[in-house]
Protein chains: 2
Amino acid sequence: MARPRTFDRNEALERAVALFQVHGFEHTKVPDIVESLGICRQSLYNEFGDKRGLYLAVLERYGQREIDNKLALLQSPGSPLQNLLTVIRGWAALASQCPADGCLTAAALVEHRDDAGVLAVVEAQVDRLEAGFAQALRAAQAAGELRASVDPQRIARSLTNSCYGLGLLSRLPGSAARIGDSVAAMIAMIDAAAVSGSER
Amino acid sequence: MARPRTFDRNEALERAVALFQVHGFEHTKVPDIVESLGICRQSLYNEFGDKRGLYLAVLERYGQREIDNKLALLQSPGSPLQNLLTVIRGWAALASQCPADGCLTAAALVEHRDDAGVLAVVEAQVDRLEAGFAQALRAAQAAGELRASVDPQRIARSLTNSCYGLGLLSRLPGSAARIGDSVAAMIAMIDAAAVSGSER
DNA sequence: GACTTTCTGGAATGCTTGGTCTATTTAAGG
DNA sequence: CCTTAAATAGACCAAGCATTCCAGAAAGTC
């Protein structure tokens, strides 16, 4: 009956992610979105409601992509401790592209500080990452890789905090060395809590 | 000769700090500034040039105030290690006012991501805090409180990263527990590097 | 007490922006 | 082949914004 749409929602969202990640919400103008997505203005509004609706979809998608990625690594078979270290080391990649685009989620926390809808999405993402870390840490304890005396949640929260710190400071032009050291310190913290670390 | 100004620059700046900290740059409207500062529009432009000029002055002032405060604590007489722990514990206060206004400097990094002037100010502030931490850590080593084998700069950078992470995540309504745990982990990291911590 | 320089208050301006409206095209169903 | 519902293209609109302009007031100086 009706004319089918010519654009792909997923592809459009991915392009929008890139736009918002680079320029932020306010500095991403609707005409820029229209051009970059190769979509007509009206279709944009039909599909997403308004600019904020698009942004919300973008934020969720970005979070899904990024955090799913980490969680998959954390839950992959093998040593939970090694998986954890692999994920942490992954953040060091920020150093090589510094100044990086930065974490969209972290930016959302600043740009939409009093938009309860956005904050709820952000909080859910933070919670998910934190829970993933905590689960990996508990698994490491169960596997005898991590000392039973350490508190998985406390370390998970600390790691999560550090990760969002990196997603923020990586925006700074001269932060490559900072990132490397921060990641190294995170790894050292985990090592110190590992069984081989101080219970030899 | 001329009519003297009736407003106090310092007081005006302090009020502007509060405004920008709460609402961010874009959402702080010039009429709001005019009203809150109790200053007429033209005087504002005469004094600071434009909105960005005011913001830059505000950012510098905020950074001076906050970081001078930490540095003074870090350099106060007595045990460098205890001073460091005192400063770190200070961040736990964020938990009690969570969601907090958040760190103006951290917000600047997001809101003015491609304003080189703002970024330079931010970087200088990050450097200053990091240097303060590093100096305290070296002093602690010199005092025999901290193991000589740890790298002061690495820990300083990690602490700095965590602190800005806190300044960001404290915006999240449910982050009080997160903040407490992150601070506890920072303290644990320092304790682990202390001489009494593992070289008894 | 007059003069000059700055401050003050508010109106005016011009630009940028997100969002909408209308006419037109497109493709599938009967 | 005609109908129909949706997508497209681009002009259009109205609101919000930072900034400037202008006339009047105030306060030191000579």
message: Starting the side chain at C-beta, find the nucleotide from dC17(D), dT19(D), dT8(D) nearest to Phe7(A).
response: dT8(D)
Any Ser43(B) side-chain N or O less than 4.0 Å from OP1/OP2 of dT8(C): yes
statement: Which of dG19(C), dC7(C), dT19(D) is nearest the side chain of Asn46(B)? It is dC7(C)
task: Count the heavy atoms of every other residue, nucleotide or ligand shown that sit under 6.0 Å from CD of Glu35(B), and state whether that count exceeds 12.
output: no
task: Measure the distance from CZ on Arg52(B) to C1' on dT19(D) and round it to the nearest whole Å.
output: 16 Å
message: Output the rounded distance in Å from NZ (Lys29(B)) to C1' (dT16(C)).
response: 13 Å
query: Any side-chain heavy-atom pair from Tyr55(A) and Glu111(A) closer than 4.5 angstrom?
result: yes
field: Sidechain N-carboxylate O distance under 4.0 Å for Asp8(A), Arg15(A)
entry: no
- prompt: For Glu47(A) and dA7(D), what is the distance between atoms CD and C1' respectively, to the nearest whole Å?
  reply: 12 Å
statement: note: Leu44(B), atom CG; dT6(C), atom P; distance rounded to Å ~ 18 Å
- request: Work out which heavy atom in Leu109(A) is nearest to a heavy atom in Leu172(B); give both atom names and the distance.
  value: CD1-CD1, 3.4 Å
Rounded distance (Å) that lies between atom C1' of dA6(D) and atom CZ of Arg9(A): 17 Å
message: Rounding to an integer number of Å, can you tell me how far Asp50(B) CG sits from dC15(C) P?
response: 18 Å
message: Is it the case that the side chain of Lys70(A) and the backbone of Gly90(A) share a donor-acceptor pair, with hydrogens and angles ignored and the cut-off at 3.5 Å?
response: no
message: Salt bridge or not between Glu66(B) and Arg128(B)? Use side-chain N to carboxylate O under 4.0 Å.
response: no
- prompt: Between Glu26(A) (CD) and dC17(D) (P), how many Å, whole number?
  reply: 11 Å
query: Could you state the OH-P distance from Tyr55(A) to dG18(C), rounded to the nearest angstrom?
result: 14 Å
- prompt: Just wondering, do Arg178(B) and Asn161(A) contact through their side chains at under 4.5 Å, heavy atoms?
  reply: no
task: Give a yes or no answer on whether the side chain of Thr160(A) reaches the backbone of Ala156(A) with a donor-acceptor pair at less than 3.5 Å.
output: yes
query: Which ones in residues 30-37 of chain A lie close to DNA chain C, meaning a heavy atom under 4.0 Å from one of its atoms?
result: Val30(A), Pro31(A)
Polar atoms only, N or O, under 3.5 Å: list the protein pairs with nucleotides 9-14 of chain D and their distances.
none

- request: Provide the full list of side chain to side chain donor-acceptor pair (under 3.5 Å) pairs with a residue in residues 86-98 of chain B, sequence neighbours left out, each pair given once.
  value: none
